[in-house]
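Here is the naming used below: chain letters follow the sequence lines, and residue numbers restart at 1 for every chain. The structure presented is a predicted model; accordingly, all values stated were derived computationally and were not measured.
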2 protein chains.
Amino acid sequence: MDVIPDFQPLYKQVYDVLVRRIAEGAWLPAQSLPSEQALAAELRVSQGTVRKALDALAAENLVQRHQGKGTYVAEHTQEHALFRFFRLAKPNTDGERVTPESSTARCKRRLATAAEAGKLHLPKSTNVIEIRRIRLIEGVPAVSERIVVPLKLFPELDHQPALPNTLYSLYQSVYGISISVAKEELSAVISNKSDEKELGIKPGTPLLKVDRVAIAIGGQRAELRVSRCDTRNVVYAIDVN
Amino acid sequence: MDVIPDFQPLYKQVYDVLVRRIAEGAWLPAQSLPSEQALAAELRVSQGTVRKALDALAAENLVQRHQGKGTYVAEHTQEHALFRFFRLAKPNTDGERVTPESSTARCKRRLATAAEAGKLHLPKSTNVIEIRRIRLIEGVPAVSERIVVPLKLFPELDHQPALPNTLYSLYQSVYGISISVAKEELSAVISNKSDEKELGIKPGTPLLKVDRVAIAIGGQRAELRVSRCDTRNVVYAIDVN
DNA sequence: AAGTGGTCTAGACCACCAA
DNA sequence: TGGTGGTCTAGACCACTTA
């Protein structure tokens, strides 16, 4: 049993214990946590305090709660992960998402550049895997992706039989790494030769460039991803509040 | 005193009552709400139920709570509104925002186009005010904005002595309209003649186009805004989670 | 019928703030 | 010193799921 150190509010301490256990894989995705009563008894706090911690976990999408059933570790199913992190939508539809397909990916191993190492908070010249693929929307190439992950976190990722449409479900199911947040920086660029070949677009097409750093539950920076999107038929949709 | 109709959870009903009162201006921005105890007594529910409703309001930025002081209606101060809705940041700084200046604006009255009326949920050919201005970042023109608001919601907005850098604080303080969420659609475009003249950029520069619909507390669609951003020195930064 | 989370209440103590 | 929100507890009842 964990002995809860003092300092912070009880519910926050409970929250931290639960985050750590989930990050360590004590309960795997799609499995249920103990009931509120059981956790309260184990951690020697009241059920209300456990509830507050669980509600906070649910608010951050780390768990899902279902009345009458229990509390489950959030699972990055294909659809779920897609709708969370793939934000392309049809214009003027209040953000109705489109579902992409992925072309077969090309992988290679190399050393991280200084910029990549910096963004991933890794030492210079770390071994990484680079994945390149094209995503199609309604059959038309629309996004080229260049993904960089540390080899150490994802050994043999480049030798996986088939990479799924949503890599994050693979990260979670095979490597036990759950992506919880992503920091993105968007800018507009002009297509280069490579874009034009991959996406079948004319020279000089404007593209939406999305630089993403994906961060796992424990705070580990797990992935770098640069997407270059042809936004003639789709837009990047978000709600600010 | 409001009589709370049945149906929904109590705390949700309390939440709705409070939202309505805030939207109606029962408590003005920066004013404090009654204490939890007072609200509980008035609405005939327990303090815990009021607390749950207030916490929900705080989570949505409609109120701010301060231990020992009270609960205050959120105020769209210049800085606050800026950091909430102006998402341009320096690249690779973990989203550290930049503060823009605004050029003097040009206003005109006209009829809404069909597309504008549709996005604002207004009948066709409604009277609107169109505002155009340039925003400078570190003294350099970086964003051109075209803002469209219904004349009915903002009478004489075009005759205001000076439009502030953040219009949303004006909407709130003068017209009692608090913007709570904004739906944005981002895409990449090539600059046109007008962009090139306003922003002082070369022909063919890629721009980040941001289409925004701003929605007020009651759900009223209050503003349409199209921003065209030169993203050579800044990026649009967000956290997805 | 038993077990789960969802809601609601009541009361206690604390930390913080202002007069 | 009195009032506020922040935390924590304990217990009740309900709605839902599963067996």
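B:Tyr15 and B:Glu60 are linked by a side-chain donor-acceptor pair at a separation below 3.5 angstrom, with hydrogens and angles left out of the test. There is a side-chain donor-acceptor pair under 3.5 Å between B:Tyr168 and B:Glu223.
Toward the 5' end of DNA chain D, the nearer of the two residues A:Gly68 and A:Val50, judged by each one's closest nucleotide, is A:Val50. Position along DNA chain D of the nearest nucleotide to A:Lys69 versus A:Ser46 favours A:Ser46 as the more 5'-ward residue.
By the 4.0 Å N-to-carboxylate-O rule, B:Arg51 lies close enough to B:Glu36 to be salt-bridged with it.
The nucleotide range of DNA chain C contacted by chain A, defined by atoms under 4.0 angstrom from heavy atoms of the protein and reported 5' to 3', is C:dG3 to C:dT7.
Only at 4.0 angstrom or more do the heavy atoms of residues 26-38 of chain B sit from any atom of DNA chain C, so none qualifies.
The side-chain heavy atoms of B:Arg97 and B:Leu88, taken from C-beta on, include no pair separated by under 4.5 Å.
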Test side-chain contact (heavy atoms from CB on, under 4.5 Å) applied to A:Val128 and A:Leu151, step by step: CA-CA 5 Å; A:Val128 296; A:Leu151 178 60; 5.9 Å; no
Test log, rule side-chain contact (heavy atoms from CB on, under 4.5 Å), inputs A:Tyr72 and A:His66: CA-CA 8 Å; A:Tyr72 295 80; A:His66 300 286; 3.8 Å; yes
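The closest donor-acceptor contact from the side chain of B:Asn165 to the backbone of B:Pro100 lies under 3.5 Å.
Ring-plane geometry between A:Tyr171 and A:Phe154 is classed as tilted, the angle between the planes lying from 30 to 60 degrees on a 0 to 90 degree scale.
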